[in-house]
Amino acid sequence: MPGTDVSALLVRPCPDPKFGDYQCNALMSLAKERRMNPRQLAADVLARLDVSEWCEKAELAGAGFINFRLRTSALAQALQSAARAAHPIVQTAKPPRTIVIDFSSPNVAKPMHVGHIRSTILGDCLARTLRLLGHRVITDNHIGDWGTQFGMLLVGWKTVLDRAALATDALGELERVYRLVSPQCDEERPEFNPRVRDRARLELVKLQQGDAENLGIWREMIALSQVQFDTIYARLGVQFDHALGESFYNPRLKAVVEELRARGIARDSEGAVCVFSDGSLPPKDDPFLIHKDGAWAPNPCLIQKSDGGFNYATTDLATLAHRLETWRPDEIIYVTDGRQQLHFRQLFATFRRWHPEAKVKLAHVWFGSILGEDGRPFKTRAGETVKLADLLDEAEERAFQLVTRLRPELSEAKRREIARVVGIGAVKYADLLPNRQSDYLFSWDRMLALEGNTAPYLLYAYTRTQSLARKARESGVSAGDVSELKLGALEEIALAKHLLNFGLVLEAVGEEYRPNFLCNYLYELAGLLSRFWEGCPVLKSADPERSSRLRLSELTGAVLKQGLEVLGLETTDQM
RNA sequence: GCAUCCGUAGCUCAAUUGGAUAGAGCAUCUGACUACGGAUCAGAAGGUUCCAGGUUCAACUCCUGGCGGAUGCGCCA
């Protein structure tokens with residue numbers, strides 16, 4: 001049945017509706033494999049295919065495409081049955097998989113900034129998508145709560161902390177303290193002070209050895225940061241199943257290094273412990289090799305520093321092992337920026353050698369950076385990184401101005417509520433719309449525009465479905481049973497066909513980790529809905545049509561709402 | 001220097017991973033409707049997909065070589 005098992009037939013929606021509704025092009029690559037004439041093969045298959053029950057037409061075209069045109073009756077029937085699912089037009093995955101998603105990962109004692117927004121929003125969207133598709137999703141926030149920065153923070157806490165400032169703006173004060181101490185520990189900076197650096201190292205060692213005072217301060221810094229994280233995640237509507245920070249893995253790090261060394265995967269080098277190439281991969285694909293001066297040179301992955309300390313790679317290996325033992329996932333997804341590609345290639349390769357039997361799929365879902373309107377990395381006018389809390393404030397404020405301009409008659413409380421949904425939604429939508437791998441330009445004007453592929457446009461389309469339904473109820477018109485869907489006008493048919501593809505788009509988002517597919521789908525859906533309303537009067541029409549059209553409008557509203565929810569956007573019934 | 005990613009309409013971005021005549025929005029120009037919620041809809045114009053080769057039925061997509069940009073390359077995460 002179209003819309004349900006089309007992927008089994010290797011067909012997909014036609015790129016251009018004038019060719020048909022669905023097309024099969026898989027036969028052409030099959031023909032190439034078998035060195036056959038593609039058009040002949042397609043003709044043979046077509047001759048044996050009987051799809052007359054669903055299709056008014058199935059024809060051979062071009063170099064070997066088979067195009068299918070659905071019967072309108074079959075379309076209505078397919079849509080009706082798909083709409084009866086627990087989540088309309090969503091088919092749950094046949095074998096549900098266990099998928100761990102690692103995203104957001106803010107640092108303790110530092111304000112969350114724009115650098116965290118893409119990971120947070122993208123990771124949350126993938127979690128929502130895969131859950132809706134029926135998978136068992138486990139979200140884990142790998143918080144940066146351990147490492148060298150705590151040596152410096154402890155020095156600052158003990159020497160220059162302003163208690164009053166800590167009480168009013170904890171993160172601001174911690175940031176100030178860190179900025180005061182950090183340059184003094186950096187040999188390359190003019191502020192460098194070897195006594196401060198040595199003190200920082202000492203405080204870090206004491207912390208790592210379990211010194212009671214330092215542990216107490218460390219815990220307080222975590223608690224203060226957690227308040228900030230909770231506030232931001234609540235505003236964004238993001239939830240985690242676990243938040244196992246780096247410190248959680250600290251007790252395991254030594255054993256990881258010992259095991260890798262004992263197994264010959266890692267060895268000592270210049271006082272550090274490193275993983276080198278084992279020659280099992282072609283040099284071009286080997287993350288432990290680098291092309292230098294015309295030859296392949298070692299590009300090792302450090303898992304223990306020469307001072308005995310552990311680093312990012314060590315923690316990530318321990319984390320991977322823990323996740324595998326604890327949750328037995330089929331897949332682990334890491335959502336980080338593109339600069340960490342080499343790190344993850346080395347991490348995954350090291351892990352494969354460590355656990356060659358593991359079947360888990362490891363995916364590094366990376367994204368580009370956010371640029372300001374000048375094309376440079378996104379900063380405040382003063383050149384500072386933009387804090388996430390400030391960004392969300394501004395989004396809500398700008399949306400409030402917009403709502404106030406358009407709907408001055410609404411109460412302030414109502415306008416504030418709409419502005420919250422629209423403002424936060426606009427930030428999220430602007431982040432999910434571009435292909436994640438490209439850098440994108442941050443623009444308030446574009447993300448809050450009323451026309452075009454924006455959150456306000458989609459949210460507005462949804463509110464129209466709700467107000468139409470409200471008006472229908474008030475005038476006593478029934479929405480009609482699903483079984484009464486009658487598709488006549490071209491606009492109705494086009495809308496119905498697009499609705500039917502919702503599940504396929506969700507699957508593509510989950511497979512390719514690309515929410516922009518869903519953004520574009522919803523934008524097209526909203527456009528088709530507007531055209532449908534333009535061409536097909538609903539409440540003004542007579543009854544067999546009226547209830548069917550009302551039903552089609554409501555179904556579109558339900559899909560819009562579900563789609564926006566998967567993207568992490570709230571909806572509102574009034575705008 | 002080497003590696004990864006990117007280069008598409010004036011601007012911002014798509015293109016279901018090798019499929020049919022490369023699509024949207026903004027900006028520009030034109031049109032519809034005293035509106036079942038106009039924050040609407042329809043139309044026009046805009047392209048040598050950075051350049052040069054190659055692979056095949058088919059290339060924005062893959063390969064080779066350039067040009068331009070971002071990022072990363074041994075003790076940060």
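Chain letters run A, B, ... following the sequence lines, proteins first, then strands; residues in each count from 1. What you are looking at is a predicted structure, and each value in this text was computed from that prediction instead of being measured.
- Residue-level contact check: A:W366 touches the backbone only, with heavy atoms under 4.0 Å from sugar-phosphate atoms and none from bases.
- Regarding contacts with the backbone of B:A42, a side-chain N or O of A:R531 is found under 4.0 angstrom from either OP1 or OP2.
- Partner assigned to B:U55 is none, using Watson-Crick or G-U wobble distances below 3.5 angstrom.
- The base of B:C76 is not paired with the side chain of A:T148 by any donor and acceptor separated by under 3.5 Å.
- For B:A20, there is no paired base (Watson-Crick or G-U wobble, both distances below 3.5 Å).
- Atom CZ in A:R345 sits about 13 Å away from atom C1' in B:C2, given to the nearest Å.
- Aromatic ring centres of A:Y334 and A:F348: separated by under 6.0 Å.
- Figure legend: A:R267 and A:F276 shown as a cation-pi pair, the cationic atom lying under 6.0 angstrom from the six-membered ring centre and within 45 degrees of its axis.
- Looking at the side chain of A:S530, the nearest of the listed nucleotides B:U4, B:C41, B:G74 is B:C41.
- If you take CZ on A:R12 and CG on A:N501, they are separated by 11.5 Å, rounding to the nearest 0.5 Å.
- Distance, A:N37 CG to B:A58 P: 13 Å, rounded to whole Å.
- For B:A15, the OP1/OP2 oxygens have a side-chain nitrogen or oxygen of A:N516 closer than 4.0 Å.
- The existence of a salt bridge linking A:E534 and A:R531 is excluded, since no basic side-chain nitrogen approaches an acidic carboxylate oxygen closer than 4.0 Å.
- When the P atom of B:A15 is taken as reference, atom CD of A:E524 falls 12 Å away, rounded to whole Å.
- With a 3.5 Å ceiling on both atom-pair distances, the Watson-Crick or G-U wobble partner of B:A42 is B:U30.
- Taking atom P on both nucleotides, B:G10 is separated from B:U55 by 32 Å, rounded to a whole Å.
- When distances are taken from the side chain of A:L406 to each of B:U40, B:A39, B:U17, the shortest belongs to B:A39.
- Residue-environment remark: CG (A:L450) exceeds the threshold of 12 foreign heavy atoms within 6.0 Å.
- Taking the P atom of each, B:G68 and B:G46 are spaced 32 Å apart, rounded to whole Å.
- B:C60 sits 26 Å from B:G72 when the C1' atoms are compared, rounded to a whole Å.
- In this model, the phosphate group of B:C36 is approached by a side-chain N or O of A:K540 to a distance below 4.0 Å at OP1 or OP2.
- Between A:L342 atom CG and B:G72 atom P there is a gap of 12 Å when expressed in whole angstrom units.
- Nucleotide B:U48 has no partner under the Watson-Crick or G-U criteria, as no pair reaches both atom distances under 3.5 Å.
- The same atom, C1', is picked in B:U61 and in B:A20; the two are 16 Å apart, to the nearest Å.
- Across all strands shown, B:G37 has no partner, as no Watson-Crick or G-U wobble contact with both distances under 3.5 Å is found.
- The phosphate of B:C6 (OP1 or OP2) has no side-chain N or O of A:S438 nearer than 4.0 angstrom.
- The residue A:S269 sits close to a base: some heavy atom pair falls under 4.0 Å.
- Nucleic acid contact class of A:E246 (heavy atoms, under 4.0 Å, all strands): sugar-phosphate only.
- In textbook terms, a nucleotide whose glycosidic angle is within 90° of 0 is syn, while B:U8, being further out, is anti.
- At a threshold of 4.0 angstrom between heavy atoms, the contacts of A:C536 include nucleobase atoms, whether or not backbone atoms are also involved.
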> What string of B, S and - do you get for nucleotides 19-28 of chain B 5' to 3' if you count protein non-hydrogen atoms under 4.0 Å?
Replying inline: BBB--SSS--
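- In this structure, A:R470 reaches the bases: a heavy-atom distance under 4.0 Å links it to at least one base atom across the strands shown.
- Rounded to whole Å, the distance from CD on A:Q401 to P on B:A39 is 19 Å.
- Checked for salt-bridge contact, A:D16 and A:K18 meet the test: a charged N lies under 4.0 Å from a carboxylate O.
- OP1 or OP2 of B:C41 sits under 4.0 Å from a side-chain N or O of A:Y457.
- Distance check on atom P: B:C2 versus B:U8 gives 25 Å, rounded to whole Å.
- Here B:A14 presents its P atom at 12 Å from CZ of A:R436, a figure rounded to the nearest Å.
- A distance of about 14 Å separates the P atoms of B:C63 and B:G7, rounded to the whole Å.
- A:L468 comes within 4.0 angstrom of a base, heavy atoms only.
- Taking the nucleotide of RNA chain B with the nearest heavy atom to each of A:P300 and A:I418, the more 5' of the two is matched to A:I418.
- Across B:A59 and B:A22, the matching P atoms stand 12 Å from one another, rounded to whole Å.
- In this structure, CG on A:L552 lies 11.5 Å from OG1 on A:T465, to the nearest 0.5 angstrom.
- Taking only side-chain atoms of A:Y460, from C-beta outward, the nucleotide of B:A39, B:C75, B:A70 with the closest atom is B:A39.
- Ring geometry for A:H116 against A:H113 counts as tilted: the plane angle lies between 30° and 60°, on a 0 to 90° scale.
- Residues A:F65 and A:F19 keep their aromatic ring centres 6.0 Å or farther apart.
- In this structure, B:A9 forms no base pair with any nucleotide, since neither Watson-Crick nor G-U wobble geometry is met with both distances under 3.5 Å.
- A:R261 has a carboxylate O that lies under 4.0 Å from a charged side-chain N of A:D268, or vice versa, which qualifies the two as a salt bridge.
- Among the heavy atoms of the strands, none lies under 4.0 Å from A:R549.
- A residue-by-residue look at A:G144 and A:Q341 shows that A:Q341 has its nearest nucleotide of RNA chain B further toward the 5' end.
- For A:E534, counting side-chain heavy atoms from C-beta on, the closest listed nucleotide (B:U40, B:C13, B:G74) is B:U40.
- Rounded to an integer number of Å, the gap from CG of A:D337 to C1' of B:A70 is 12 Å.
- Under a 4.0 Å N-O distance rule, the pair A:E175/A:R179 qualifies as a salt bridge.
- A:R189 and A:E187 are not joined by a salt bridge, as no carboxylate oxygen comes within less than 4.0 angstrom of a charged side-chain nitrogen.
- Comparing B:C13, B:A77, B:C36 by their closest approach to the side chain of A:Y440 singles out B:C13.
- With both ends at atom P, the span from B:U56 to B:C41 equals 46 Å, rounded to whole Å.
- Figure legend. B:U61 is base-paired to no nucleotide; pairs are counted as Watson-Crick or G-U wobble with both atom distances under 3.5 Å.
- In this structure, the nucleotide among B:A39, B:C36, B:G74 sitting nearest to the side chain of A:C274 is B:G74.
- In the interface, the side chain of A:E512 is paired with the base of B:U17 through a donor and an acceptor atom under 3.5 Å apart.
- For the pair A:K305 and B:G74, the criterion of a side-chain N or O lying under 4.0 Å from OP1 or OP2 is not met.
- Here the P atom of nucleotide B:G72 and the NE2 atom of A:H364 are 13 Å apart, to the nearest Å.
- The nucleotide B:A70 finds its pairing partner in B:U4, both defining distances of the Watson-Crick or G-U wobble pair being shorter than 3.5 Å.
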